[in-house]
Trainee: 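Below you will find the structure I want to go over with you.
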Protein chains: 2
Amino acid sequence: MEKSNRKEACLVKLRASRDALEVIQGKWRIPIIVSLTYGNKRFGEIRKDIEDISPKMLSQELKELEMNKLISRTLYDSMPVTVEYALTPLGQSMNRLLEELLAWGIHFRGEMTRKEVKLSEVSA
Amino acid sequence: MEKSNRKEACLVKLRASRDALEVIQGKWRIPIIVSLTYGNKRFGEIRKDIEDISPKMLSQELKELEMNKLISRTLYDSMPVTVEYALTPLGQSMNRLLEELLAWGIHFRGEMTRKEVKLSEVSA
DNA sequence: TATACTAGTTACCTAATGGTTATTAGTTAC
DNA sequence: GTAACTAATAACCATTAGGTAACTAGTATA
């Protein structure tokens, strides 16, 4: 009984994580969301945050994120037309996930450089 | 000053999240790690957990994860050779991240189905 | 000899992802 | 008229990710 519960829990977790993955897959979606957690931004401002993204990819991924209700797009009828992107409540709900991703990214990088140092000590 | 701190924080977070993304990118790596959080497993057992993964992809991604020190591979010299995969401490350190991914995946799915229900109510 | 189980590997193909460069359209300033 | 700024879009190409199906090697069992 204990074993089958465990298996059930594993399968539930697998399904949920794959649901989440589908939405955040790709090189740019998470970075775009991270950029927007630091304030509503215009197209050009996001481009400045994520230096190596092309306008094509930014445009494409913003559309995807809007379709999935993670961000909103507001057009302002100012003199040069401006467009503001913002996180929706659903987008904001990724906050804890992003914090953990950030924390683990730092941890991982730390572990990797530590190991490289060790290796070079051995070979020296 | 406050604004430049914010910008700095944003850039740091962007770098860290992209570091993490590189390691966990793709359709299969997270599911494989999730499967291994529920106990050490053999090749065939992981295949059973993740029903739609092909042996090619499983083999390929296991190698990648081993190279990044997230999992270990142990060969047992039993009669039909068996191989056991397990999370390393670094792999285990993804636990909190996985919990948040799971939680958000469930939340996201809930939000999406709620919205679909609403839409059908409107059109009815 | 044939079948099955272990853990993969190989060759081949398609689809998705991402990159590059040039272009659009509307408005303001020079 | 021309340049510059806004937010994109289009055409084209290269790379990668991922899928399918067949096959390998070693051992045991019928």
Trainee: Between OH of A/Tyr85 and CG of A/Leu65, what distance do you get to the nearest 0.5 Å?
Mentor: 10.5 Å

Trainee: In this structure, how many angstroms lie between the C1' atom of D/dT15 and the CE atom of A/Met57, rounded?
Mentor: 13 Å

Trainee: Is a salt bridge present between B/Asp52 and B/Arg47, judged by a nitrogen-to-oxygen distance below 4.0 Å?
Mentor: no

Trainee: Roughly how far, to the nearest 0.5 Å, is the CD1 atom of B/Ile30 from the NZ atom of A/Lys13?
Mentor: 10.0 Å

Trainee: Counting only Watson-Crick or G-U wobble pairs whose two distances fall under 3.5 Å, which nucleotide matches C/dC30?
Mentor: D/dG1

Trainee: If you walk 5' to 3' along DNA chain C, what is the first nucleotide with an atom under 4.0 Å of a heavy atom in chain B, and what is the last?
Mentor: C/dT6 to C/dA11

Trainee: Could you tell me the separation between the CZ atom of A/Arg47 and the P atom of D/dC5, rounded to a whole number of Å?
Mentor: 12 Å

Trainee: Identify, between B/Arg29 and A/Pro80, the residue whose nearest nucleotide on DNA chain D lies closer to the 5' end.
Mentor: A/Pro80

Trainee: For B/Tyr85, answer base if it contacts any base atom (sugar-phosphate contacts may also be present), sugar-phosphate if it contacts only those atoms, and nothing otherwise; contact means non-hydrogen atoms under 4.0 Å.
Mentor: sugar-phosphate

Trainee: Please classify the nucleic acid contact of B/Arg73 as base, sugar-phosphate, or nothing, using heavy-atom distances under 4.0 Å.
Mentor: sugar-phosphate

Trainee: Is a salt bridge present between B/Arg96 and A/Glu100, judged by a nitrogen-to-oxygen distance below 4.0 Å?
Mentor: yes

Trainee: Using whole Å, report how far NZ of B/Lys27 lies from C1' of D/dG19.
Mentor: 8 Å

Trainee: Output the rounded distance in Å from CD (A/Glu45) to P (D/dC5).
Mentor: 15 Å

Trainee: Rounded off to whole Å, could you give me the CD-to-C1' distance for the A/Gln60 and D/dC12 pair?
Mentor: 15 Å

Trainee: Under the rule for side-chain contact (heavy atoms from CB on, under 4.5 Å), what residues qualify as partners of A/Lys41, not counting sequence neighbours?
Mentor: A/Ser35, A/Leu36, A/Tyr38, A/Glu45, A/Ile46, A/Asp49, B/Cys10

Trainee: With DNA chain C as reference, determine whether A/Val81 or A/Gln25 sits nearer its 5' end, using the nearest nucleotide of each.
Mentor: A/Gln25

Trainee: First locate atom CG of A/Leu21, then atom CG of B/Leu101, and finally report the distance between them rounded to the nearest 0.5 Å.
Mentor: 5.5 Å

Trainee: A/Leu58 CG to D/dT9 P: how many Å, rounded?
Mentor: 10 Å

Trainee: Rounded to whole Å, how long is the line connecting atom NZ of B/Lys63 with atom P of D/dG18?
Mentor: 16 Å

Trainee: Round to the nearest Å and state the distance from A/Leu62 atom CG to D/dA8 atom P.
Mentor: 7 Å

Trainee: Any side chain to side chain donor-acceptor pair (under 3.5 Å) pairs touching residues 58-67 of chain A, not counting sequence neighbours?
Mentor: A/Arg29-A/Glu61

